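The shown structure was predicted, so the numbers you read here are calculated from the model rather than taken from an experiment. Lettering follows sequence order; numbering is per chain, from 1.
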Amino acid sequence: MIFACQSGRLGNPMTNLIENIRGQVRCIVNNALISAIEKGELPDCEVNEIAVETPKEKEHGEFSTNIAMQLAKQVRKAPVKTAAILIANMDFTNTYISRAESAGPGFINFYLNSSWLYDTLEIISREREDYGKINIGHGKKVMVEFVSANPTGPLHMGNARGGALGDCIASVLNAAGYDVTREFYVNDAGNQIERFGISLEARYLQLLKGTDAIAFPEDGYQGEDIIDHMKNYIEQYGDKLLEADSEKRRKELVSYALPKNIERIRKGLEAYGIKYDVWFSEQSLYDSGELEETLKFLRDKDLVTEMDGAQWFKATEFGVEKDEVIIRNNGLPTYFASDIAYHRNKFYKRGFDWVINLLGADHHGHVARMKAAVSALGIDSSKLDIVIFQLVRLFKNGEVARMSKRTGRSISLDDLLEEVGRDAARFIFNTKASGSHLDFDLDLAVKQSNENPVYYVQYAHARICSMLRLIESEGISVPGAEDTDLSLLNAPEEMELIRKLAEFPDEIRISAQTLEPSRLTRYVTDVASLFHSFYNACRVKGEEESIMKARLVLVSATQIVIKNVLSILSISAPERM
RNA sequence: GUGCCUGUAGCUCAGCUGGAUAGAGCAACGGACUUCUAAUCCGUAGGCCGGGGGUUCGAAUCCCUCCAGGCACGCCA
């Protein structure tokens with residue numbers, strides 16, 4: 001079934017001009033198809049979606065469609081013929097499209113009137129810091145839970161990648177019109193806290209009675225930070241726990257060290273540019289009874305079975321390979337049990353429409369069972385997205401530097417920020433897609449040279465600021481786009497740059513839909529590159545006034561876009577370098 | 001052994017839901033500063049898209065299989 005449709009011209013504020021024009025192309029094709037069918041030039045046919053894509057080659061126009069090839073079978077005509085018939089039936093009135101041509105095996109290419117580029121500049125200068133924002137989220141409540149590292153030690157490189165990724169996913173979704181909550185799940189209960197206590201206690205006793213007095217437990221946390229905690233504790237409180245019974249001693253030591261660790265994590269992440277809306281305590285699920293409620297819910301649904309003295313969640317009923325223990329034979333719930341309660345809380349207690357969790361690749365086994373658990377709770381599991389990011393391999397002095405929390409011999413987030421800096425770290429972690437393994441070259445990241453991509457982008461911004469400063473010092477300010485003759489911008493370098501600026505809202509759209517903010521670092525690098533080319537080809541200051549004004553609008557628009565992208569990535573946009 | 005991720009230029013990576021002649025940065029080579037910031041620009045060179053089958057108008061992209069690397073298969077998280 002095909003319906004006629006209409007196409008408007010200028011986008012409203014906060015819209016995606018490219019998407020609008022794509023809509024115009026769809027309408028034109030759609031209407032041409034109806035017209036051709038009515039005239040009997042083509043047989044009646046079914047079209048579910050008219051695909052509009054962007055050709056790689058400039059010669060192929062701004063947009064193209066493969067509709068003629070798609071219809072080949074149905075209409076029993078050579079695609080090239082169908083394309084010709086469609087083109088003959090097209091009406092471009094009131095659109096940005098100037099002409100359409102058939103090319104290659106049957107593509108129809110669309111060429112635009114350059115007014116769309118000038119309209120782009122008007123939109124940017126009107127929307128300013130809002131330019132790029134779209135509203136595909138419609139205020140939907142989404143939670144992004146990320147890092148959620150065990151508070152038993154410092155953050156490492158894996159957390160650093162997860163942090164940069166998660167924070168940027170959250171920002172992108174926010175720019176796409178979602179109501180986003182950033183959350184850190186604090187694992188302050190369960191087995192690892194137990195081990196944390198044992199480790200602290202062992203170091204405490206070793207410090208007071210000598211290293212040989214007590215063996216350090218096999219599965220304890222080896223990190224220096226554990227010893228440091230106990231040195232500080234002893235300095236402050238002496239040996240008052242020496243005679244206490246072990247359980248009480250561990251509890252006391254944990255309640256001493258745990259808040260310090262959490263605070264250190266919070267501060268580290270904040271220095272990294274990450275601010276959470278919620279720090280959610282695992283222990284609170286025990287205290288509030290939600291864990292019990294959740295287990296009861298599952299039992300009532302007959303989704304819990306007993307075996308070998310433990311209780312298992314029947315994950316196999318949801319297509320997972322094996323069932324999972326939720327209550328150990330010692331009676332204690334597993335991490336998985338509280339995670340189920342946690343997700344019940346996210347969806348039911350707090351009403352999130354969409355939940356995104358970031359997990360390192362070493363936890364990917366958790367995905368299937370968590371989705372199964374969510375289904376078991378009666379929630380559509382497509383509302384839970386788990387983004388798995390591949391692990392980080394750290395290179396220093398040309399060789400691999402291993403990271404491991406257990407041995408404590410890792411580069412922490414704090415070290416990273418000190419050595420590399422927040423901007424470079426965040427940029428580099430977002431240059432690769434989450435599914436790609438990431439080699440982090442410390443030596444390169446530290447370099448303040450053209451080998452380091454973050455400076456390339458920041459330099460473009462600083463350069464623009466410098467130009468505007470100089471021009472403004474002569475009493476000239478950036479004119480409004482509406483009272484400038486933008487059609488004077490017709491050099492290839494100018495057109496290319498504007499075209500790229502026009503893509504920004506669509507880049508946000510795709511980044512949000514694919515949960516891949518790494519698109520944005522590439523995008524902003526392209527913007528910077530086209531700007532540098534423009535800079536070398538065209539002068540602004542000293543040009544004839546009308547040209548200078550038009551170029552000032554372009555330069556200012558470029559600055560806005562670079563700044564907006566960097567702001568989403570929480571990377572600074574320096575005004576001088 | 002089973003499952004997930006990855007394999008594209010010398011290196012690090014893009015390539016959207018299958019589209020037209022596979023891209024970028026770095027490294028290499030050759031050029032451009034009396035001019036708004038040379039942390040820049042312009043140009044050259046560089047490829048069995050891991051191998052092999054299949055699906056179709058059309059495959060780096062989808063399916064199968066094999067090879068290589070990473071990760072996971074616990075009553076840890």
Where do N or O atoms of nucleotides 10-13 of chain B meet protein N or O atoms at under 3.5 Å, pair by pair?
| from | atom 1 | to | atom 2 | distance (Å) |
| --- | --- | --- | --- | --- |
| B:U12 | O2' | A:Lys432 | NZ | 2.9 |
| B:C13 | OP1 | A:His437 | O | 2.9 |
| B:C13 | OP1 | A:Asp439 | N | 3.4 |

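- Stem regions annotated for RNA chain B: B:1-7 with B:67-73, B:10-13 with B:23-26, B:28-32 with B:40-44, B:50-54 with B:62-66, counting only runs of 3 or more consecutive pairs of Watson-Crick or G-U type with both contacts under 3.5 Å.
- Taking A:Ala189 as the reference, A:Glu282, A:Gln283, A:Tyr286 meet the side chain to side chain contact (heavy atoms under 4.5 Å, CB included) condition, with sequence neighbours excluded.
- Qualifying side-chain hydrogen bond (donor to acceptor under 3.5 Å, both in side chains) partners for A:Gln74, counting only residues two or more places apart in sequence or in other chains: none.
- Put simply, the side chain of A:Asn329 and the base of B:C75 share a donor and an acceptor less than 3.5 Å apart.
- Looking at residues two or more places apart in sequence or on another chain, you find a side chain to side chain contact (heavy atoms under 4.5 Å, CB included) between A:Ala433 and A:Ser436, A:Glu516, A:Ser518.
- Proximity of A:Arg328 to the phosphate of B:C76: a side-chain N or O atom is located under 4.0 Å from OP1 or OP2.
- Atom P of B:A60 sits at a distance of 15 Å from the matching atom of B:A9, rounded to the whole Å.
- Using a 4.0 Å heavy-atom cutoff across all strands shown, A:Ser533 reaches sugar-phosphate atoms only and no base atom.
- Taking atom CD1 on A:Ile198 and atom P on B:A77, their separation rounds to 13 Å, with Å as the unit.
- The shortest distance between the side-chain N/O atoms of A:Tyr455 and the OP1/OP2 oxygens of B:A39 is not below 4.0 Å.
- In the region residues 514-521 of chain A, proximity to RNA chain B at under 4.0 angstrom, judged on heavy atoms, holds for none of the residues.
- Applying the side chain to side chain contact (heavy atoms under 4.5 Å, CB included) test to A:Glu59 and every residue at least two apart in sequence or in another chain returns A:Glu57.
- Applying the salt bridge (charged side-chain N to carboxylate O under 4.0 Å, His left out) rule to pairs touching residues 458-474 of chain A yields A:Glu474-A:Lys541, sequence neighbours excluded.
- The side chain of A:Arg551 contributes no N or O atom lying less than 4.0 Å from OP1 or OP2 of B:C36.
- One P atom belongs to B:G43, the other to B:U55, and the distance between them is 43 Å to the nearest Å.
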Where do N or O atoms of nucleotides 1-3 of chain B meet protein N or O atoms at under 3.5 Å, pair by pair?
| from | atom 1 | to | atom 2 | distance (Å) |
| --- | --- | --- | --- | --- |
| B:G3 | N2 | A:His364 | NE2 | 2.6 |

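- For B:C13 and B:A27, the C1' atoms lie 14 Å apart once the distance is rounded to whole Å.
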*Scan nucleotides 18-35 of chain B nucleotide by nucleotide, 5' to 3', and note B when protein non-hydrogen atoms come under 4.0 Å of the base, S if they reach only the sugar-phosphate, - if neither.*
-BB-----SS-------B

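- A:Asp308 comes within contact range of at least one nucleobase, with a heavy-atom separation under 4.0 Å.
- For the P atoms, the distance from B:C5 to B:G47 is 31 Å, rounded to whole Å.
- Legend: residues meeting side chain to side chain contact (heavy atoms under 4.5 Å, CB included) with A:Ala160, ordered by chain and number and at least two apart, are A:Tyr272, A:Leu413, A:Leu416, A:Phe429.
- Checked against side-chain hydrogen bond (donor to acceptor under 3.5 Å, both in side chains), A:Glu62 has the following partners two or more places apart in sequence or in another chain: A:Arg499.
- When the C1' atom is compared between B:U44 and B:G7, the two are found 29 Å apart, to the nearest whole Å.
- Neither OP1 nor OP2 of B:G74 sits under 4.0 Å from any side-chain N or O of A:Tyr335.
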